[in-house]
4 protein chains.
Amino acid sequence: MILLDYKDRRPIYEQIVEKLKDLMICGVLEQDSQLPSVRSLATDLSINPNTIQRAYMELERRGFIYSVKGRGSFVADTTSILALKTSELKNKLGDWVEEAKRAGIKEDKAHSWLVEEWINEGTRSGGGVRE
Amino acid sequence: MILLDYKDRRPIYEQIVEKLKDLMICGVLEQDSQLPSVRSLATDLSINPNTIQRAYMELERRGFIYSVKGRGSFVADTTSILALKTSELKNKLGDWVEEAKRAGIKEDKAHSWLVEEWINEGTRSGGGVRE
Amino acid sequence: MILLDYKDRRPIYEQIVEKLKDLMICGVLEQDSQLPSVRSLATDLSINPNTIQRAYMELERRGFIYSVKGRGSFVADTTSILALKTSELKNKLGDWVEEAKRAGIKEDKAHSWLVEEWINEGTRSGGGVRE
Amino acid sequence: MILLDYKDRRPIYEQIVEKLKDLMICGVLEQDSQLPSVRSLATDLSINPNTIQRAYMELERRGFIYSVKGRGSFVADTTSILALKTSELKNKLGDWVEEAKRAGIKEDKAHSWLVEEWINEGTRSGGGVRE
DNA sequence: GTGGTCTAGACCACG
DNA sequence: GTGGTCTAGACCACC
């Protein structure tokens with residue numbers, strides 16, 4: 001379900017956080033359903049349980065999951081998860097706009113790029129450009 | 001000319017790279033004009049010369065500047081610089097689109113956000129999303 | 001009669017302790033009336049009997065109930081229960097005051113907050129501060 | 001500067017977080033001043049550096065400090081720190097009020113307790129009542 | 001069995 | 001030197 005990329009500069013635990021966040025948003029992981037246990041996911045990915053623990057801690061901090069000692073970790077309210085994600089995305093676009101403006105990009109150019117990129121179905125390698 | 005933000009999580013050398021890139025794109029630093037020497041910029045910013053060295057190395061690797069041993073570092077062909085920057089920006093937008101699609105954002109929603117964010121003149125603090 | 005909140009970080013047995021304490025103070029559970037048996041309450045809440053056992057043990061330790069081997073558990077003297085609860089509350093306020101003082105809060109500020117918070121009827125979500 | 005209480009049920013890293021937060025609020029640690037390094041504080045308290053690391057991470061997350069790789073950790077903007085702390089305290093008082101209401105405490109009673117507890121100068125043992 | 005905390009020691013990126 | 005990440009293995013609280 002999760003594939004780690006060791007060439008990626010981002011820490012392992014962050015990759016896990018992002019991937020699980022995506023799975024929750026896409027609806028693969030349903031509300032209040034149980035996540036794999038810290039230990040089992042660790043052995044599945046052949047990494048240390050502490051790394052998973054850290055990822056889960058981060059997800060709980062951001063309100064995506066809730067953990068119950070002795071029982072497990074569970075997916076939080078999915079509607080609020082979607083709201084969180086949407087707000088994140090809008091912020092990211094705002095950052096991009098700011099950068100594009102500084103580089104002298106015009107608004108209509110940006111719109112035409114947006115159209116163009118929207119068509120590209122899975123053309124890119126995946127996971128972000130390391131410029 | 002350059003202001004460092006130590007609260008920024010990005011490494012210092014990366015901040016310098018970005019800032020110099022911006023200055024070249026905006027036309028403040030003209031083609032073939034000489035960049036400040038490693039040592040002088042280091043003392044100006046009161047940081048370690050190694051850090052400047054690393055920034056210049058990075059800029060040369062990406063094709064934004066060229067260095068001549070014993071003479072200094074110079075701004076590369078600005079048209080190609082602009083092309084590089086433009087391509088970077090487009091890639092970033094592509095990454096964003098991919099992420100937005102995964103989150104179920106519709107294309108017209110994205111366009112309306114783009115319009116909205118384009119209006120916001122300097123509303124955001126600057127430097128990246130602390131999600 | 002009791003609703004468990006698995007999202008709450010506090011252990012289940014502690015939630016039960018608190019809830020039963022509240023019910024005794026409010027007078028829903030009268031003095032010397034019998035509490036539900038460990039097994040029946042466990043099946044009602046669909047949790048492990050051990051957890052109920054632990055909650056009852058805790059309540060007896062604190063003097064809120066008394067157990068008779070082979071007969072069941074019973075509500076203790078409600079006046080002393082109220083006294084216990086009152087003393088607990090006063091201690092908690094004392095802790096708060098100490099913390100507020102350290103933070104430089106003035107006494108009249110605290111009083112005005114108290115007035116303000118007293119008006120808020122059920123505004124807060126319940127269960128503790130996620131600071 | 002920091003005293004750990006191993007009898008305290010709270011984790012070590014949380015004690016450190018609270019203590020440092022207090023020191024920043026009281027003004028002992030001034031804005032932008034450097035905190036002891038992860039390693040030095042660890043040896044000072046004779047605990048593992050990872051524990052300090054976690055405390056610092058938590059403080060950064062909450063906006064009390066900022067960390068720069070290779071340079072150190074520093075006290076964030078103290079005015080916003082005070083605002084954060086004030087909001088936390090008000091929330092805690094709100095929780096207390098809710099509990100007091102449930103226990104049938106009257107508002108004037110609460111005010112008289114507040115006055116009373118405010119007078120008690122350091123009477124209590126320190127650190128919170130384990131009921 | 002579960003999550004949570006702590007220790008010990010390693011390696012990396014940064015300055 | 002600094003902070004940050006990861007591993008390995010231990011112990012605790014809870015269910």
Side-chain angles (χ1 to χ4, degrees), chain A residues 4 6 8-16 34-42 45-60 65-74, chain B residues 4 6 8-16 42 45-55, chain C residues 4 6 8-16 42 45-55 58, chain D residues 4 6 8-16 34-43 45-60 65-74:
Chain A
L4 296 179
Y6 289 103
D8 197 327
R9 290 176 56 135
R10 292 177 309 171
I12 305 285
Y13 82 91
E14 205 176 309
Q15 291 184 44
I16 296 169
Q34 188 164 1
L35 293 163
S37 83
V38 171
R39 284 173 185 76
S40 70
L41 188 52
L45 302 177
S46 4
I47 60 174
N48 191 290
N50 280 335
T51 307
I52 306 290
Q53 171 64 24
R54 188 163 176 182
Y56 279 19
M57 204 178 65
E58 185 68 11
L59 282 166
E60 186 171 16
I65 69 172
Y66 61 92
S67 299
V68 187
K69 226 189 286 194
R71 284 185 35 108
S73 298
F74 304 85
Chain B
L4 297 178
Y6 288 107
D8 196 326
R9 293 178 67 106
R10 290 177 310 171
I12 302 290
Y13 82 90
E14 205 176 310
Q15 289 185 46
I16 295 169
L45 302 177
S46 28
I47 59 174
N48 195 309
N50 286 334
T51 307
I52 306 290
Q53 180 59 35
R54 187 160 180 183
Chain C
L4 297 178
Y6 288 107
D8 195 327
R9 293 178 67 104
R10 290 177 310 172
I12 302 290
Y13 81 89
E14 204 176 310
Q15 288 185 47
I16 296 169
L45 302 177
S46 29
I47 59 173
N48 194 306
N50 285 335
T51 308
I52 306 291
Q53 180 59 37
R54 187 161 178 180
E58 186 67 12
Chain D
L4 297 178
Y6 290 101
D8 197 326
R9 291 176 56 133
R10 291 177 311 170
I12 305 284
Y13 82 91
E14 206 175 309
Q15 291 183 45
I16 295 169
Q34 188 165 0
L35 292 163
S37 83
V38 171
R39 284 173 185 75
S40 71
L41 188 52
T43 53
L45 303 178
S46 8
I47 61 175
N48 191 292
N50 279 336
T51 307
I52 305 289
Q53 171 64 24
R54 186 162 179 184
Y56 279 19
M57 205 179 64
E58 184 69 11
L59 283 166
E60 187 171 16
I65 69 172
Y66 61 92
S67 297
V68 186
K69 226 190 285 195
R71 284 185 35 108
S73 300
F74 305 86

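Order of the sequence lines fixes the chain letters, A, B, ..., with proteins taken first and strands second; residue numbering starts at 1 for each chain. All values reported here derive from a predicted model rather than from experimental measurement.
P36(D) is listed as a side-chain neighbour of Y56(D), based on a closest heavy-atom distance under 4.5 Å. At a threshold of 4.5 Å between non-hydrogen side-chain atoms, the residues L45(D) and I12(D) do not count as touching.
The distance between atom OH of Y6(A) and atom P of dC12(E), rounded to the nearest whole Å, is 16 Å. Per the geometry, CD1 belonging to I12(D) stands 16 Å off C1' belonging to dA8(E), to the nearest Å. Between I52(A) atom CD1 and dG9(F) atom P the separation is 17 Å, expressed in whole Å. Between the CZ atom of R10(C) and the C1' atom of dC15(F) there is a distance of 17 Å, given to the nearest Å. When rounded to the nearest whole Å, the span between CG of L4(A) and P of dT5(F) equals 16 Å.
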Under 3.5 Å, N/O pairs linking protein and nucleotides 1-4 of chain E:
| residue | atom | partner | partner atom | Å |
| --- | --- | --- | --- | --- |
| dT2(E) | OP1 | S37(A) | OG | 3.1 |
| dT2(E) | O2 | G70(A) | N | 3.0 |
| dG3(E) | OP1 | V38(A) | N | 3.3 |
| dG3(E) | OP2 | V38(A) | N | 2.8 |
| dG3(E) | N7 | R39(A) | NH1 | 3.0 |
| dG3(E) | O6 | R39(A) | NH2 | 3.1 |
| dG4(E) | OP2 | Q53(A) | OE1 | 3.4 |
| dG4(E) | OP2 | Q53(A) | NE2 | 2.9 |

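Toward the 5' end of DNA chain E, the nearer of the two residues T51(B) and N50(D), judged by each one's closest nucleotide, is N50(D). DNA chain F is contacted by both I47(C) and S46(A); S46(A) maps to the nucleotide lying nearer its 5′ end (nearest heavy atom per residue).
Across every non-hydrogen atom of S67(A) and S73(A), the tightest pair is OG-OG, 3.1 Å. Across Q15(D) and R10(D), no two heavy atoms sit closer than the pair NE2-O, 3.4 Å. Here the shortest heavy-atom pairing between A55(D) and Y13(D) reads CB-O, 3.6 Å.
Applying the 3.5 Å distance criterion, the base of dG9(E) shares no donor-acceptor pair with the side chain of N48(D).
Counting only distance, with no hydrogens or angles, the side chain of Q53(D) and the backbone of N48(D) share no donor-acceptor pair below 3.5 Å.
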Original post:
How does DNA chain E look in dot-bracket form if you count Watson-Crick and G-U pairs under 3.5 Å, write [ ] for pairs that cross, and put | where a base pairs with another strand?
Top reply: ||||||||||||||.
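Annotation: the span from M57(A) atom CE to L59(A) atom CG amounts to 10.5 Å, rounded to 0.5 Å. Atom CG of residue D8(B) and atom CD of residue E14(B) lie 8.5 Å apart, to the nearest 0.5 angstrom. Atom-to-atom distance recorded for R71(D):CZ and K69(D):NZ is 14.5 Å, nearest 0.5 angstrom.
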